[in-house]
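Below: one structure, written as structure tokens.
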Amino acid sequence: WNERSKNADELLASCYRNSLKIAADNGIKTIAFPAISTGAYRFPLERATEIAIRETRQFLANNPGIEKVIFVCFSSSVAETYMELLSRS
């Protein structure tokens with residue numbers, strides 16, 4: 001990721017949508033996501049978290065088969081970002 005990355009937000013959103021669809025299509029009830037692309041690819045954490053939360057909520061609104069989504073946070077700063085953004089919406 002860099003400032004000039006084309007369609008970076010949409011690519012990340014698509015990653016969540018496609019993963020959730022595959023899970024739903026296969027009868028998976030629980031799925032876990034790390035903070036995708038925020039490590040080595042340096043996608044901005046808050047921006048990535050907003051996308052993760054938005055796409056997950058939109059998918060779950062129309063697909064009740066998935067019962068639990070876990071956002072796995074490998075540091076306290078990532079966990080704090082997720083908790084803050086989840087509490088806003």
Side-chain angles (χ1 to χ4, degrees):
W1 186 89
N2 66 48
E3 292 291 328
R4 296 175 299 231
S5 297
K6 291 185 179 183
N7 301 321
D9 288 9
E10 177 53 32
L11 288 171
L12 182 58
S14 176
C15 177
Y16 284 98
R17 285 193 302 269
N18 290 331
S19 296
L20 289 161
K21 183 178 183 327
I22 289 168
D25 289 350
N26 286 283
I28 294 168
K29 305 270 185 220
T30 301
I31 188 168
F33 292 108
I36 298 172
S37 290
T38 62
Y41 290 105
R42 297 187 310 265
F43 199 105
L45 177 60
E46 188 166 326
R47 188 166 155 186
T49 303
E50 289 171 348
I51 292 167
I53 293 168
R54 180 190 72 226
E55 294 302 322
T56 299
R57 284 188 169 153
Q58 287 177 358
F59 189 89
L60 293 177
N62 299 309
N63 297 277
I66 295 178
E67 297 172 0
K68 184 187 286 188
V69 176
I70 301 165
F71 293 113
V72 180
C73 302
F74 293 102
S75 73
S76 58
S77 64
V78 172
E80 288 170 10
T81 300
Y82 269 84
M83 288 187 293
E84 179 184 334
L85 294 177
L86 283 165
S87 70
R88 285 187 200 167
S89 45

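Small disclaimer: the values here were computed from a predicted structure and weren't measured. Heavy atoms only: backbone and side chains are in, while hydrogens, waters and symmetry mates are out.
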Report the distance from atom [atom1] of [X] to atom [atom2] of [Y], rounding to the nearest 0.5 Å.
X     : Y     : atom1 : atom2 : result
Thr49 : Leu85 : OG1   : CG    : 5.5 Å
Arg47 : Thr38 : CZ    : OG1   : 13.0 Å
Ser77 : Leu45 : OG    : CG    : 6.5 Å
Leu60 : Ile66 : CG    : CD1   : 6.0 Å
Asp9  : Arg54 : CG    : CZ    : 7.5 Å
Arg17 : Leu12 : CZ    : CG    : 9.5 Å

**Message:** Using side-chain heavy atoms (C-beta onward) and a distance below 4.5 Å, is Asn63 in contact with Leu20?
**Reply:**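 Heavy-atom side-chain distance check fails, nothing below 4.5 Å.
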**Item:** Residue pairs fulfilling ring pair (Phe, Tyr, Trp, His ring centres under 6.0 Å) with at least one residue in residues 52-78, sequence neighbours excluded
**Value:** Phe71-Tyr82
**Pairs flagged by ring pair (Phe, Tyr, Trp, His ring centres under 6.0 Å) wherever residues 11-36 is involved - sequence neighbours left out** = Tyr16-Phe33
**Request:** List the atom of Glu46, the atom of Thr81, and the distance in Å for their closest heavy-atom pair.
**Result:** CA-CG2, 4.1 Å
**Complete:** Quick note, salt bridge (charged side-chain N to carboxylate O under 4.0 Å, His left out) partners involving residues 18-30, not counting sequence neighbours, are Lys21-Asp25
**Prompt:** Do any N or O atoms from the side chain of Ser19 and from the backbone of Cys15 form a donor-acceptor pair under 3.5 angstrom?
**Reply:** yes
**Message:** For Glu84, is there any backbone N or O sitting under 3.5 Å from a side-chain donor or acceptor partner on Ser87?
**Reply:**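 Side chain of Ser87 to backbone of Glu84: a pair is present.
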